[in-house]
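This report refers to the structure that appears directly beneath it.
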Amino acid sequence: MASDNVPLNGEGPALELRDVEVVYERRGRERVRAVAGASLTVERGQIVGLVGESGCGKSSLARASVGLVPAAGGSVLFESREVTPLTRRARPRELARLQMVFQNPYSSLNPRRRIGSQLADALDVLDLAAPRERRARVEELLDLVGLPASAAARYPHQFSGGQRQRIAVARALAADPSVLVLDEPLASLDASAQAQVANLLVDLSRRLSLSLLLISHDLAIVRHVADVVSVMYLGVMVETGPARSLWSLPLHPYTEALIGAVPHPDGSGFLPEALPGEVPDPAHPPAACRFHPRCPYAFDRCSKETPVTLAIESERTVACWLQAGGSPPARPGERPQPLPLLHAEE
Amino acid sequence: MSTLAFRMRARRRGGTTRPAWRQPLAVAGGVIAIAWLVVAIFAPFIAPHDPLAQTFTPAQSPSGAHLFGTDELGRDVLSRVIYGARVSVPIALLLVSLAALIGGLVGGLAGYFRGIVDGISMRTVDLVFAFPPIILAMVVAAVLGRGLRNAALAIVVVAWPSYARVVRGLVLSVGDTEYVESARLLGASARRTLFRDVLPNVAGPVFVLATLDLANAILLLSGLSFLGLGAQPPQAEWGSMVANGAQYFQWWWMGTFPGLAIFTAVLAFNFLGDSLRDFFDPQTSWGGDER
């Protein structure tokens with residue numbers, strides 16, 4: 001949607017992830033590099049969509065971006081400040097304007113506390129409203145997400161999934177954030193609630209000049225909501241670009257496959273094109289390009305060299321050898337000259 | 001109890017289980033438990049005779065004058081059973097509260113600090129669990145010396161680890177929930193979320209466990225008294241009365257009635273605990289490793 005990519009006050013982007021790595025280590029188990037050096041920039045007021053199959057490290061990246069898990073490598077900058085991982089102490093005050101909304105609205109609200117009390121928590125901790133004004137502020141927050149003031153006196157189980165997710169958004173808004181990281185906020189909702197919450201998010205982003213990092217496996221929704229879309233595969237970013245141009249001209253074979261997998265309600269267009277094979281085990285990622293074993297266009301270079309991230313046109317990047325070599329960008333399937341295939345079709 | 005009332009409403013809305021008052025076991029357990037509490041509190045008014053007075057003909061069988069008969073020293077068995085409630089029920093309540101407090105504290109610290117604190121306290125718990133509870137309680141009671149207070153302390157020693165384990169597990173799992181993470185992101189310290197979000201969610205299951213444990217405590221206390229390690233004569237205590245009755249088997253009423261008292265009290269708290277458990281969470285099954 002409409003947004004300017006120019007920083008508002010020259011302080012750098014709202015949220016910047018640079019080569020972030022997230023590693024899970026447990027005794028007796030192999031270490032898993034869930035995120036293997038991913039970079040992403042969210043400009044102020046922008047909605048950035050992050051898509052990828054389940055298990056590709058999206059959620060780990062989301063958790064690292066707010067400090068819920070420590071980044072094993074790289075850095076996370078929120079308005080040019082380092083995001084430090086959570087300890088037992090209270091989170092640094094400057095980071096309160098970076099908030100997160102979780103996937104499951106059934107587990108992200110305390111079942112034993114009234115909505116009003118949960119919303120007032122942030123106001124209390126951050127001292128954002130005097131005790132007398134808290135009630136009014138809670139009602140204002142509920143109103144922002146389209147819920148009546150009476151909701152404050154009720155318990156989470158008295159609401160539907162969509163309403164709960166809106167309450168979760170209201171709780172994040174209580175901290176007066178400038179960036180919201182949303183980890184699959186629509187995945188556990190039914191279709192009508194998805195549309196409601198998605199519209200609410202776009203609306204809030206515009207009204208409160210809020211930057212959103214919207215994580216989803218559903219490219220169809222992200223396409224309608226996001227300004228910029230990043231595509232993640234097995235812990236790395238494979239392609240980033242403005243939503244419209246990425247949708248009309250995917251440059252990475254994985255993006256092309258994801259778009260091909262979106263069903264069309266009118267039955268027109270292309271048939272869903274399934275990706276061959278499964279997402280590999282992140283503990284044992286394929287060498288070189290991580291996508292090459294499933295890629296229909298892979299050639300010998302793909303299994304030998306890790307693709308570099310290429311800047312295409314002004315706003316797009318892609319990490320694919322197909323787009324290297326200076327020829328104009330094109331759909332992987334529409335490259336002018338046939339490339340030697342490494343894997344024959346099964 | 002407000003959370004209880006709230007759960008009741010929730011369950012009714014969900015319609016998966018019938019409300020608690022329609023479950024016969026819960027009602028039976030509740031009625032018997034309350035009856036024993038009333039008996040314990042108002043024993044002097046209910047008991048027809050002084051439990052220690054040796055003023056009647058010894059070894060009378062139950063009759064209109066002595067409903068439960070008299071014992072070998074001419075004491076009224078009914079009065080002794082009624083006064084016995086004053087020993088078993090309040091001591092059981094007290095020692096279960098103490099065990100829950102100690103265990104809850106240990107488990108809470110283990111779950112909160114994790115790491116080495118967790119390791120040390122949970123290995124200690126494992127150590128206590130390695131012994132059969134009645135044997136360990138006997139050893140502790142014997143070391144401390146005979147007497148009701150020492151018997152109660154011995155039971156606390158064997159009872160606290162269940163609470164430590166349950167509270168630790170709950171603090172760990174609730175501590176990792178998204179609502180706690182949200183609160184942390186909003187700037188709450190870990191300590192604040194512990195008191196505001198974690199502990200209120202731990203309280204329910206611990207309350208259930210404590211109710212079930214009351215039955216155990218009464219049984220263990222009677223057991224220790226039966227073995228002569230708890231209440232000392234001439235105090236009226238169910239376990240020691242059963243032990244006494246076992247010596248005079250021909251006078252069956254001496255052991256049977258205090259035995260029935262133990263039986264009903266234990267059963268009542270078990271029913272109550274089981275119903276509370278179903279009520280708080282039908283999915284929870286505590287794997288049987290706590291007791």
Side-chain angles (χ1 to χ4, degrees), chain A residues 59 62-63 65-69 83 85-114 117-128 154-158 164 167-169 171-177 180-181 183, chain B residues 1-16 108-119 170-207 280-281 283-284:
Chain A
S59 290
R63 295 172 69 80
S65 68
V66 295
L68 279 177
V69 294
V83 174
L86 265 180
T87 61
R88 278 198 198 93
R89 289 161 187 268
R91 199 162 173 246
R93 229 198 123 87
E94 314 84 68
L95 294 182
R97 284 166 60 77
L98 171 62
Q99 285 297 326
M100 179 161 174
V101 175
F102 293 92
Q103 169 176 0
N104 187 348
Y106 289 88
S107 60
S108 64
L109 295 171
N110 187 337
R112 289 186 186 273
R113 288 178 67 191
R114 289 173 200 277
S117 149
Q118 300 194 47
L119 292 185
D121 238 12
L123 305 177
D124 182 18
V125 172
L126 299 167
D127 209 16
L128 287 173
R154 292 198 261 163
Y155 287 96
H157 74 264
Q158 293 170 291
R164 282 172 182 228
I167 292 166
V169 170
R171 178 181 52 192
L173 292 179
D176 195 17
L180 270 189
V181 176
D183 184 11
Chain B
M1 291 311 267
S2 66
T3 52
L4 233 153
F6 140 65
R7 279 303 201 127
M8 237 163 133
R9 263 182 278 130
R11 195 49 47 77
R12 253 181 235 154
R13 262 173 56 98
T16 47
L109 290 174
Y112 180 78
F113 288 107
R114 310 191 182 194
I116 191 151
V117 182
D118 185 22
L170 286 168
V171 167
L172 282 178
S173 64
V174 177
D176 284 339
T177 56
E178 291 172 348
Y179 55 83
V180 169
E181 288 184 333
S182 294
R184 296 297 323 277
L185 289 178
L186 289 167
S189 63
R191 196 162 49 160
R192 184 187 163 102
T193 55
L194 181 72
F195 288 107
R196 293 226 164 186
D197 292 304
V198 178
L199 291 183
N201 281 291
V202 171
V206 171
F207 184 64
F280 272 102
D281 187 356
Q283 274 92 48
T284 309

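Only a predicted model underlies this, so the values are computations on that prediction, with no experimental measurement involved. In what follows, every chain begins at residue 1, and chains take the letters A, B, ... in the order their sequences are listed.
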Problem - Per-residue contact mode, B/Arg192 against chain A (heavy atom under 4.5 angstrom) - result: side chain
Problem - A/Ser108 to B/Ser182 - nearest heavy-atom pair and separation - result: O-OG, 4.3 Å
Exercise for the section: Please report the shortest heavy-atom distance between A/Pro111 and B/Tyr179, naming the atom on each side. Expected result: CD-CE2, 3.7 Å
Practice task
List the steps, then state whether side-chain contact (heavy atoms from CB on, under 4.5 Å) holds for B/Glu181 with A/Met100.
Solution key: CA-CA 9 Å; B/Glu181 288 184 333; A/Met100 179 161 174; over 6 Å; no
Fill in the blank from the handout: CG of B/Leu186 to CG of A/Leu119, rounded to nearest 0.5 Å, is 9.5 Å
Practice task
Look up atom CZ in A/Arg112 and atom CG in B/Asp197, then write down how far apart they are to the nearest 0.5 Å.
Solution key: 12.0 Å
Fill in the blank from the handout: Applying side chain to side chain contact (heavy atoms under 4.5 Å, CB included) to A/Thr87 and not counting sequence neighbours gives A/Arg89
Practice task
Among the options A/Arg113, A/Arg93, A/Gln103, pick out the one with the most heavy-atom pairs lying under 4.5 Å from chain B.
Solution key: A/Arg113
Exercise for the section: Begin from the C-alpha positions of B/Arg196 and A/Val125 and carry the test side-chain contact (heavy atoms from CB on, under 4.5 Å) through to its verdict. Expected result: CA-CA 12 Å; B/Arg196 293 226 164 186; A/Val125 172; over 6 Å; no
Fill in the blank from the handout: When every non-hydrogen atom of B/Thr177 is compared with those of A/Ser107, the smallest separation belongs to CB-O, 4.5 Å
Exercise for the section: Would you mind reporting whether B/Leu185 and A/Leu68 have side-chain heavy atoms less than 4.5 Å apart? Expected result: yes
Problem - Which atom of B/Gly187 lies closest to which atom of A/Ala90, heavy atoms considered - result: O-CB, 3.3 Å
Exercise for the section: Tell me, for A/Arg97 versus chain B, whether the close heavy atoms (under 4.5 Å) come from the side chain, the backbone, both or neither. Expected result: neither
Practice task
Side chain from CB out, backbone as N, CA, C, O: work out which of these in A/Leu86 comes under 4.5 Å of a heavy atom of chain B, or both, or neither.
Solution key: side chain
Exercise for the section: Please confirm whether the backbone N or O of B/Phe113 pairs with a side-chain atom of A/Arg88, one donor and one acceptor, at under 3.5 Å? Expected result: yes
Practice task
List in chain and number order the residues that pass salt bridge (charged side-chain N to carboxylate O under 4.0 Å, His left out) with B/Asp176, two or more places apart in sequence or in another chain; answer none if no residue qualifies.
Solution key: B/Arg114
